[in-house]
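This chain uses plain numbering: 1 for the first residue, then up along the sequence.
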Amino acid sequence: LGQCVVGILRVFYSPRRFPLDEFFLFLQRTGLEAIPIVGLLSFLIGIVLAYQGVNQLERFGADIFTVDLLAIAMFRELGVLMTSIIVAGRSGSGFTAQIGYMKLNQELDAMKVLGVNPIERLAVPRILALLVALPLLTFYGSIMGIFGGAFMCQHLMDLSMTQFLHQLKLAMKPWTFGTGMFKAPFFALVIGVVGCYEGFRVSLSADSIGQKTTQSVVKSIFIVIVLNAIFSVLFSYGGI
């Protein structure tokens with residue numbers, strides 16, 4: 001983590017050393033290419049939340065508050081959490097496998113001989129790309145979850161889109177949307193650092209790549225969930 005932070009600071013101090021082509025390549029792989037799966041899963045999660053919300057709240061005549069439940073769940077918690085889990089399994093494992101394969105082929109040793117810092121060349125572009133991509137994917141996933149919930153509410157409650165948007169506006173508090181977006185860069189940093197770290201730890205055997213890739217996904221998801229719980233407690237104590 002320390003080496004990655006130093007590498008990122010060096011990029012801002014000397015932008016010419018930054019591999020811009022690789023940054024945009026990883027931005028495409030981690031962000032643009034992840035849009036279909038993030039959108040589909042978020043849409044389905046929104047449908048499930050709306051269905052369960054209507055099913056439970058209509059017993060008390062409060063099914064309209066399903067919209068509130070949907071907004072709070074997607075924007076504060078599930079939007080960023082599910083997106084991070086998807087990215088950890090999809091991109092974090094890719095970082096580990098790519099760097100591990102380069103270490104297996106002794107390409108990292110060759111870079112050191114040529115005077116190239118592997119952290120700055122390999123880890124920093126991936127982490128920075130993830131820091132840009134994950135917040136955007138979080139926003140997109142949250143919106144798709146809301147659309148999924150709106151679709152289900154229209155069928156279960158005969159709630160028009162105008163009524164849905166009106167109730168959604170009433171449910172949105174100042175920090176409802178900002179909470180999830182605030183957590184996204186921290187989760188991106190965790191996924192990127194863990195993915196690259198496990199890649200550099202690969203030993204000179206083919207089995208090691210599979211083992212470290214698995215560890216990368218498990219550790220990333222575990223730390224993301226723990227961080228999410230910590231943020232939830234802190235926000236609760238702060239009245240956010």
Side-chain angles (χ1 to χ4, degrees), residues 1 4-5 8 23 25-49 69-99 123-149 175-199 212-236 238 240:
L1 176 61
C4 290
V5 171
I8 292 173
F23 169 77
L25 174 63
F26 293 123
L27 187 61
Q28 176 184 342
R29 290 179 179 176
T30 59
L32 189 62
E33 295 179 4
I35 286 178
I37 185 64
V38 170
L40 176 61
L41 292 181
S42 299
F43 185 83
L44 295 176
I45 290 172
I47 289 178
V48 172
L49 279 176
L69 170 66
L70 188 66
I72 294 172
M74 290 305 303
F75 283 120
R76 289 182 66 98
E77 300 293 339
L78 288 182
V80 62
L81 188 59
M82 291 304 302
T83 302
S84 299
I85 291 174
I86 295 170
V87 171
R90 185 182 178 279
S91 300
S93 61
F95 293 170
T96 303
Q98 291 164 1
I99 296 176
V124 171
R126 288 171 167 83
I127 293 174
L128 288 180
L130 210 53
L131 285 170
V132 175
L134 188 57
L136 296 176
L137 286 174
T138 296
F139 174 77
Y140 171 71
S142 300
I143 295 299
M144 290 301 296
I146 295 296
F147 278 136
W175 270 97
T176 301
F177 172 75
T179 301
M181 298 302 296
F182 176 81
K183 293 186 286 188
F186 293 95
F187 294 171
L189 183 63
V190 166
I191 296 169
V193 170
V194 171
C196 295
Y197 171 71
E198 292 297 332
K212 298 303 180 184
T213 300
T214 302
Q215 292 180 12
S216 170
V217 176
V218 173
K219 289 180 180 179
S220 297
I221 294 176
F222 175 78
I223 297 175
V224 162
I225 293 175
V226 171
L227 275 181
N228 187 66
I230 293 173
F231 277 125
S232 297
V233 173
L234 293 177
F235 290 149
S236 177
I240 297 176

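Taking both residues in full, the closest heavy atoms of Leu69 and Leu49 are given as CD2-O, 4.4 Å, listed atom of the first, atom of the second, then distance. Taking both residues in full, the closest heavy atoms of Trp175 and Arg76 are given as O-NH1, 4.1 Å, listed atom of the first, atom of the second, then distance. Closest of all the heavy-atom pairs between Leu130 and Gly192 is CD2-N, 3.5 Å. The nearest pair of heavy atoms linking Pro135 to Ala184 is CA-CB, 3.8 Å. Between Cys4 and Ile127, the closest heavy-atom pair is SG-CD1, 3.5 Å. Here the closest heavy-atom approach between residue Gly39 and residue Met144 is recorded as O-CB, 3.8 Å.
Sorted by first and then second residue, the salt bridge (charged side-chain N to carboxylate O under 4.0 Å, His left out) pairs with a member in residues 180-199 read Glu77-Lys183, Glu198-Arg201, Glu198-Lys219; sequence neighbours excluded. Judged as a side-chain hydrogen bond (donor to acceptor under 3.5 Å, both in side chains), the pairs with a partner in residues 87-96 (not counting sequence neighbours) are, in order, Thr96-Ser216. Sorted by first and then second residue, the side-chain hydrogen bond (donor to acceptor under 3.5 Å, both in side chains) pairs with a member in residues 127-148 form an empty list; sequence neighbours excluded. Within the structure, side-chain hydrogen bond (donor to acceptor under 3.5 Å, both in side chains) contacts touching residues 80-89 (residues at least two apart or in different chains) do not occur. Every pair tested for salt bridge (charged side-chain N to carboxylate O under 4.0 Å, His left out) that includes a residue from residues 127-142 fails, sequence neighbours excluded, so the list is empty.
Remark: Ile99 CD1 to Lys212 NZ distance equals 13.5 Å, nearest 0.5 Å. For the atom pair CG (Leu128) and CD1 (Ile8), the distance works out to 4.5 Å, reported to the nearest 0.5 Å. The distance from atom CG of Leu41 to atom CD1 of Ile86, rounded to the nearest 0.5 Å, is 4.5 Å. Distance OG1/Thr176 to CE/Met74: 13.5 Å, rounded to 0.5 Å. Distance check, rounded to the nearest 0.5 Å: SG of Cys196 to CD1 of Ile191 gives 11.5 Å. Between the CG atom of Leu134 and the CZ atom of Phe187 there is a distance of 8.5 Å, given to the nearest 0.5 Å.
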Identify every side-chain donor-acceptor pair in residues 28-35 under 3.5 Å, counting partners at least two apart or on other chains, and give the distances.
unit_1, atom_1, unit_2, atom_2, d
Gln28, NE2, Glu33, OE2, 3.4
Thr30, OG1, Phe26, O, 2.7

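Applying the ring-ring contact (aromatic ring centres under 6.0 Å, His included) rule to Phe186 yields the partners Phe182, Phe231; only residues at least two apart in sequence or on another chain are considered. Ile221 is linked by a side chain to side chain contact (heavy atoms under 4.5 Å, CB included) to Ile85, Ala88, Val217, Ile225, counting only residues two or more places apart in sequence or in another chain. Partners of Thr214 under the side chain to side chain contact (heavy atoms under 4.5 Å, CB included) rule, at least two apart in sequence or in another chain, are Val218. In this structure Val226 satisfies the side chain to side chain contact (heavy atoms under 4.5 Å, CB included) test together with Phe222, Ile230, sequence neighbours excluded. Ile143 is linked by a side chain to side chain contact (heavy atoms under 4.5 Å, CB included) to Phe75, Phe139, Phe147, counting only residues two or more places apart in sequence or in another chain.
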